[in-house]
Amino acid sequence: MSESLLKIKENIESYLGREVRLKADKGRKRIIEKDGVVEGVYPSIFIVKINGGNNNSRTVSYSYSDVLTETVKVTLLDE
């Protein structure tokens, strides 16, 4: 893993269990913004649990290269 990917992984590891805002570029000018909690950090991916309305929740996973290429932007929400 390259230095920059390791930095990104360490940065996201510090968000573990905290609420973040995800801004994902889905292509063709579709950008999705969701709030969730970082649930897991693994060697090649991280997992975020997104809470929806009506007690619905789902889990999404992204790779660190998605953050590196700015397909996904992760920001920590202030408490």
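Both backbone and side-chain heavy atoms feed into the values below; hydrogens, waters and symmetry mates do not.
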**Item:** Intermediate values then yes/no, side-chain contact (heavy atoms from CB on, under 4.5 Å), T59 and V48
**Value:** CA-CA 6 Å; T59 304; V48 179; over 6 Å; no
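- The shortest side-chain heavy-atom distance between I50 and S57 does not fall under the 4.5 Å cut-off.
- Using a 4.5 Å heavy-atom threshold, the side chains of Y42 and I47 count as touching.
- Atom-to-atom distance recorded for D35:CG and N51:CG is 9.5 Å, nearest 0.5 angstrom.
- Distance check, rounded to the nearest 0.5 Å: OG of S14 to CG of L76 gives 7.5 Å.
- For residues 2-24, no pair satisfies ring-ring contact (aromatic ring centres under 6.0 Å, His included), with sequence neighbours left out.
- Put simply, the side chain of L22 reaches to within 4.5 Å of the side chain of V60, judged on heavy atoms.
- Side-chain atoms of V37 and R18, non-hydrogen and from C-beta on, never get closer than 4.5 Å to each other.
- Atom CZ of R58 is separated from atom NZ of K34 by 6.0 Å, given to the nearest 0.5 angstrom.
- From S65, atom OG reaches atom CD1 of I45 across 11.0 Å, with rounding to the nearest 0.5 Å.
- For the atom pair I31 CD1 and K26 NZ, the distance stands at 12.0 Å (nearest 0.5 Å).
- Under the 4.5 Å side-chain criterion, counting only non-hydrogen atoms from C-beta, V67 is in contact with I12.
- In this structure the side chain of V74 reaches within 4.5 angstrom of the side chain of F46, judged on heavy atoms.
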**Request:** Take E3 and K7, measure what salt bridge (charged side-chain N to carboxylate O under 4.0 Å, His left out) needs, and give me the verdict at the end.
**Result:** CA-CA 6 Å; E3 291 277 328; K7 275 186 183 177; over 6 Å; no
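- Using a 4.5 Å heavy-atom threshold, the side chains of E33 and R21 count as touching.
- Taking 4.5 Å as the limit, some side-chain heavy atom of V41 sits within range of a side-chain heavy atom of K9.
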